[in-house]
Amino acid sequence: MDFSTIRRKLEVGMYANFSELNDDMLLVRDNCYSYNPPGHDARRDCDEVFAFYQMEYEKTVEKWNKSQQLSPSNKKIKLDKSPSRS
């Protein structure tokens, strides 16, 4: 997995949810760890990028969850079932 593949998948709407995107992002990190030993410049860059990514991912998911809780479509509507008096 690489960033260009993730970008392409984002552009065509292949991700059904944040979790799928996160899974691919973590594959990029895992690939970096597999091919770059600790202390290597690429590994340090990877650690920096993914520290930032993880913070942003958590904030984004939190905002999404809050927006879903506040969404009018998620509120239950209580209907008055008493007969009308006209």
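Model, not experiment: these values are computed from the prediction.
- Connection of Leu26 to Leu21 is not established within any shared hydrophobic cluster, with ILVMFWY side chains joined at heavy-atom distances below 4.5 Å, either directly or through further cluster members.
- For the pair Asn22 (side chain) and Phe18 (backbone), a donor-acceptor distance under 3.5 Å is absent.
- Taken from CE in Met25 to CG in Leu27, the straight-line distance is 10.5 Å, to the nearest 0.5 Å.
- Both Leu10 and Trp64 belong to a single network of hydrophobic side chains, linked directly or stepwise wherever heavy atoms of I, L, V, M, F, W or Y lie under 4.5 Å apart.
- Hydrophobic clustering of Ile, Leu, Val, Met, Phe, Trp and Tyr side chains at less than 4.5 Å, counting indirect connections, unites Val61 with Tyr15.
- Screening residues 21-42 for salt bridge (Lys or Arg N to Asp or Glu O under 4.0 Å) gives Lys9-Asp24, Asp41-Arg44 as the qualifying pairs, with residues at least two apart or on separate chains.
- Applying the side chain to side chain donor-acceptor pair (under 3.5 Å) criterion to Ser19, with sequence neighbours excluded, gives no partner residue.
- A salt bridge links Glu56 with Lys59; the closest basic N to acidic carboxylate O contact falls under 4.0 Å.
- Gln54 pairs by the side chain to side chain donor-acceptor pair (under 3.5 Å) definition with Glu58, not counting sequence neighbours.
- Listed by chain and number, the hydrophobic cluster partners of Met14 are Val12, where partners are ILVMFWY side chains within reach of under 4.5 Å, directly or through others.
- Classification of the Phe50-Phe3 ring pair by plane angle, with boundaries at 30° and 60°, yields parallel.
- Between Arg43 and Cys32, the shortest heavy-atom distance links the atoms CA-SG, 4.1 Å.
- Residues meeting the ring pair (Phe, Tyr, Trp, His ring centres under 6.0 Å) test with Tyr57, sequence neighbours left out: Tyr53.
- Shown here are the salt bridge (charged side-chain N to carboxylate O under 4.0 Å, His left out) partners of Glu48, two or more places apart in sequence or in another chain: there are none.
- Within the 3.5 Å criterion, the main-chain N or O of Asp2 finds no donor-acceptor partner in the side chain of Asn31.
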